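Everything below concerns the one structure shown next.
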Amino acid sequence: MTAFSFEVLATDGAARLGKIQTAHGEIDTPVFMPVGTVGTVKGMMPENVAATGAQIILGNTYHLMLRPGADRVQRLGGLHTMMNWPGPILTDSGGFQVMSLTKLRKMTEEGVTFRSHIDGSRHTLTPENSTDIQYKLDATITMAFDECTPYPVEKKVAAESMRLSMRWARRSREAFVPRDGYGQFGIVQGSVFPELREESITKLRELDFEGYAVGGLAVGEGQEMMFRVLDSTMPKMPTAKPRYLMGVGKPSDIVGAVVRGIDMFDCVMPTRSGRTAQAFTRRGTVNLRNARHLDDTRPLDESCSCPACRNYSRAYLHHLIRAEEMLGPMLLTWHNIQHYQDLMRDLRAAIKAGTLTQFVQAFEAQQALGDI
Ligand SMILES: O=c1[nH]cnc2c(CCNCC3CCCCC3)c3[nH]c(NCc4cccs4)nc3cc12
Ligand SMILES: [Zn+2]
């Protein structure tokens with residue numbers, strides 16, 4: 001059986017080309033992880049997700065614990081079997097989703113009690129049961145239970161929030177059942193305060209996680225502040241372990257974070273935007289609801305290999321969106337996932353060739369062009 005391992009194969013400045021070995025297969029980094037919320041990347045079959053080049057997807061603990069329930073997923077053979085995704089799956093702890101999706105909730109030192117948005121039933125998430133739920137889901141990578149500190153907050157509020165998350169990280173680590181090829185990631189907090197971020201990293205290193213996530217960002221601070229926090233935090237992060245920037249982001253966020261040493265990303269944008277007619281292209285985003293596409297026979301993005309760009313015109317995609325046909329969001333989701341996978345593939349190739357600086361310049365120039 002393979003042990004969970006991470007190897008840095010090349011570097012270009014602070015950026016790393018890496019490979020993670022897991023019980024469910026390997027992951028080439030930098031990697032973008034599509035969100036498979038309730039056991040499916042919405043609107044896509046798993047084989048089509050794999051066809052985009054994606055090696056790892058995300059499972060949503062909050063939704064799955066409510067429906068169909070962690071015990072039922074375990075009885076159904078775990079997420080890999082249930083959703084027919086044999087590759088690695090990373091599940092979040094559920095904490096962030098509870099705080100962003102539920103209204104009736106109460107947080108204590110113990111954890112969070114909340115009411116299900118589905119049927120109003122009462123539930124509790126703690127570091128212990130979140131870790132146990134992720135075990136039942138058979139997550140390849142389990143996330144520690146944390147509190148994402150809101151932004152902006154005063155330093156002393158950020159310090160208390162971070163220290164709670166660090167106590168929860170220890171409880172999460174102690175509840176984790178080690179298995180060959182499986183891993184657990186700690187989550188660094190500390191908002192925009194370098195010394196709090198450093199204290200958080202120090203506490204998490206004591207727990208020797210298989211990977212480290214940067215939490216508490218992409219919560220409204222803006223790209224400039226996010227990059228500033230990364231500039232001061234990344235040099236303090238363990239170098240031999242993968243680094244995961246949670247909830248990021250749009251393509252230019254990802255490029256800037258890879259340059260600063262981030263290895264893993266997740267974001268709902270490519271899938272959620274696919275359902276709202278927003279397409280990501282080399283020249284920026286395109287809103288396919290816009291009437292300017294009515295008679296446009298060109299493909300969405302001539303440099304893209306996905307079915308939407310190979311077989312259909314913008315006019316047809318626009319028609320599907322206006323007619324509210326299922327095929328519209330399906331094709332756009334596929335395209336957006338493909339676009340993100342192609343961006344990661346190009347970033348990995350640039351790091352390998354030592355040409356990341358040139359890649360970033362060309363990327364920024366194209367994005368500035370805007371769609372024609
Ligand atoms: O500190 C954090 N701790 C834990 N999770 C965080 C997340 C959720 C990451 N995606 C989870 C996925 C799990 C499976 C289902 C889909 C989400 C974040 N997302 C963002 N920004 C994007 C944001 C999204 C929504 C509001 S901000 N910042 C985040 C910060 C944290
Ligand atoms: Zn495409």
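Predicted, not measured: the structure shown is a model, and the values here were computed from it. Just so you know, ligand 1 is whichever comes first in the structure, and atom 1 is the first atom listed for that ligand. Below, each value reflects all heavy atoms present in this structure, side chains not excepted, and no hydrogens, waters or symmetry copies. We count residues from 1, following the sequence as given.
Within the 4.5 Å cutoff, side-chain heavy atoms of R282 are placed close to those of D346.
Classification of the F363-F359 ring pair by plane angle, with boundaries at 30° and 60°, yields parallel.
Below 4.0 Å from some heavy atom of G216 lie the following atoms of ligand 1, by number and element: 1 (O), 2 (C), 30 (C). Short contacts between ligand 1 and G215, defined as distances under 4.0 Å to a heavy atom of the residue, involve ligand atoms 1 (O), 2 (C). Of all atoms in ligand 1, listed by their number and element, those nearer than 4.0 Å to a heavy atom of L58 are 12 (C), 13 (C). Residue-ligand proximity, V35 to ligand 1, at heavy-atom distances under 4.0 Å covers atoms 15 (C), 16 (C).
With hydrogens and angles ignored, the 3.5 Å screen pairs no side-chain donor or acceptor of H318 with any backbone N or O of L294. Side-chain atoms of R67 do not come within 3.5 Å of backbone N or O of H63 as any donor-acceptor pair.
Ligand 1 has an N or O atom lying under 3.5 Å from an N or O atom of D146, backbone or side chain. Here's the thing with Y244: none of its N/O atoms is less than 3.5 angstrom from an N/O atom of ligand 1.
Ring-centre distance between H335 and F280: not below the 6.0 Å cut-off. The distance between the ring centers of H117 and Y62 falls below 6.0 angstrom. Aromatic ring centres of F32 and F265: separated by at least 6.0 Å.
Counting only non-hydrogen atoms, the option in Y151, F96, F145 that gets closest to atom 26 (C) of ligand 1 is F96. The nearest non-hydrogen atom to atom 28 (N) of ligand 1, considering only L245, L217, V268, comes from L217.
Protein atoms that are N, O or S and lie under 2.8 Å from the Zn ion (ligand 2) are these: C304 SG, C306 SG, C309 SG, H335 ND1.
Considering CZ of F209 and OG1 of T142, their distance stands at 10.5 Å, rounded to 0.5 Å. How far CE of M143 is from CD of Q134: 8.0 Å, rounded to the nearest 0.5 Å.
Counting heavy atoms under 4.0 Å from ligand 1, residue Q189 touches it through the side chain alone. Only the side chain of Q97 comes within 4.0 Å of ligand 1, counting heavy atoms alone; its backbone N, CA, C and O stay farther away.
Sorted by first and then second residue, the ring pair (Phe, Tyr, Trp, His ring centres under 6.0 Å) pairs involving residues 137-156 (not counting sequence neighbours) are F145-W168.
For the pair R122 and F114, the NZ or CZ position fails the cation-pi test of under 6.0 Å to the six-membered ring centre and within 45 degrees of the ring normal.
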